[in-house]
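Notes follow once the structure below has been shown.
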Amino acid sequence: MAEFHSKIKTIEWVGNYSKMVDQTLLPYEFKYVNITGGQQMFDAIKNMIVRGAPAIGVAGAHGVVLFAQELEKEHLSRDEFVNKLLDKVDYITTSRPTAVNLMWAVEKQKEVIKNSKSDIKGIIEELKQNAIKLEDEDIAINKKIGDYGAAVVPKGASILTHCNAGALATVGYGTALGVVRSAFANDPTIQVFADETRPRQQGARITTFELTMDGIPTTLITDGMCSYFMKKGMINMVVVGADRIAANGDTANKIGTYTVAIAAKYHNIPFYVAAPLSTIDVNIKTGDEIVIEERSHEEVTHINGKIICAPDVNVINPGFDVTPHNLITGIITEKGILRPDYNKSIADVFKLLK
Ligand code: MRU
């Protein structure tokens, strides 16, 4: 029987709209929602109906097509259309600031707009085709990441992951969970420990959902438990995804990842980041330059709409943290595993792309 992950696409362009899994409903309901307008896509990204860096990137690319379709109805000149569309493209990137895949994918659409020699209809068609190409490439890239990563998974390993870097954070297959999937295909004795991932519980709500749907043995733990299990020798490696990686390897990922990395270092457990090259932002030297998204206080003060603390307590809610490069054993990409010194290995892999 085909696995769950190969039967679904988290986000897909269909005719003249974007169809995506509504991730705010998981694990209670698995439901698709159609996004038919540019502003609706902006809100879907901001409100995390779609989430996970690569999925957000594709959503941004779809958003450009949706805005273009709307502008077409305004009967503008070609120049006016292009200028207004380029403003919308920049607007989309403000929906979530940390995951660089959003800026990367939207930039790809900008190139299509700027290089096109077509009329308005032609530009829209080219944008659609480019968005579909990004979808297909995402799955192919994740499978390569999975295969490179599987080679460093010890036999019978217990793999800890944080947040959700799975099929549901990408178009399909996943990055960190792509590594798990490829490893599991070779060795069904591996298992996963999934951090709950407060405040939004992507680990509990999404990672455990998609892994158990694929029959991969999974144990849910709360975020504070990781060092307890590491000390007991029950974790053999950590694999997480990434939202933005600086030129020196510093990696932004879901808040709490840094704590896991410190605990892994203390216990001599390999800590891997799995991410496509589109997550590497060579324009920034270190993680200090990464903008960390601040999210609503309600994500911390409430669970399922119910307040869980004193109503007037102070709250801070950064969505991501930055794991320093010296805590990272390797960065698993579609071009192989990058190793320290990351300034060199990252620069080298980008040179090869040119
Ligand atoms: O806030 P989210 O759910 O979008 O955060 C997701 C993560 O931090 C993922 O680990 C990251 O985007 C990589 S997804 C392949």
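These figures come from a predicted structure and were not determined experimentally. Read the numbers this way: they start at 1 and go in the same order the structure lists the ligands and their atoms. One is the number of the first residue; the rest follow in order along the sequence.
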Can you sort out which atoms of ligand 1 are near [X], meaning under 4.0 Å from one of its heavy atoms?
| X | result |
| --- | --- |
| Cys163 | 5 (O), 6 (C), 7 (C), 8 (O) |
| Ala165 | 14 (S), 15 (C) |
| Met48 | 1 (O), 2 (P), 3 (O) |
| Arg96 | 1 (O), 2 (P), 4 (O) |
| Ala53 | 12 (O), 14 (S) |
| Asn253 | 7 (C), 8 (O), 9 (C), 10 (O), 11 (C) |
| Phe320 | 1 (O), 5 (O), 8 (O) |
| Gln202 | 1 (O), 2 (P), 3 (O) |

Note to self: Going by the rule ring-ring contact (aromatic ring centres under 6.0 Å, His included), which residues pair with Phe67 if we only count those two or more places apart in sequence or in a different chain?
What the structure shows: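 Not a single residue meets the ring-ring contact (aromatic ring centres under 6.0 Å, His included) criterion with Phe67.
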For [atom], what's the nearest protein heavy-atom neighbour? Residue, atom name and distance, please.
| atom | answer |
| --- | --- |
| atom 5 (O) of ligand 1 | Lys254 CE, 3.3 Å |
| atom 8 (O) of ligand 1 | Asp243 OD1, 2.9 Å |
| atom 14 (S) of ligand 1 | Ala169 CB, 3.5 Å |

Next item on the list: Take the angle between the ring planes of Phe30 and Phe209 and call it parallel below 30°, perpendicular above 60°, tilted in between.
Entry: parallel
Check: Between Phe193 and Phe229, how do the two ring planes meet: parallel, tilted or perpendicular, split at 30° and 60°?
Finding: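 Geometry flag for Phe229 against Phe193: tilted rings.
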Please determine whether a side-chain nitrogen of the Lys or Arg among [X] and [Y] lies less than 4.0 Å from a carboxylate oxygen of the Asp or Glu.
| X | Y | result |
| --- | --- | --- |
| Asp90 | Lys110 | yes |
| Asp281 | Arg244 | yes |
| Lys133 | Asp136 | no |
| Lys155 | Asp187 | yes |

Please verify whether a non-hydrogen atom of [X] lies at under 4.0 Å from ligand 1.
| X | value |
| --- | --- |
| Asn164 | yes |
| Ala99 | no |
| Glu293 | no |

Notebook entry, point to check: Pairs in or reaching into residues 317-352: which pass ring-ring contact (aromatic ring centres under 6.0 Å, His included), with residues at least two apart or in two chains?
Noted result: none
N/O of [X] under 3.5 Å from N/O of ligand 1, yes or no?
| X | value |
| --- | --- |
| Thr170 | no |
| Thr175 | no |
| Gly52 | yes |

Item checked: Heavy-atom side-chain contact between Arg96 and Arg295 under 4.5 Å -> yes
Next item on the list: Report the residue from Val239, Leu211, Thr207 that forms a side chain to side chain contact (heavy atoms under 4.5 Å, CB included) with Val180.
Entry: Leu211
Check: Which pair of non-hydrogen atoms, one from Lys128 and one from Gly15, has the smallest distance, and what is that distance?
Finding: NZ-O, 3.6 Å
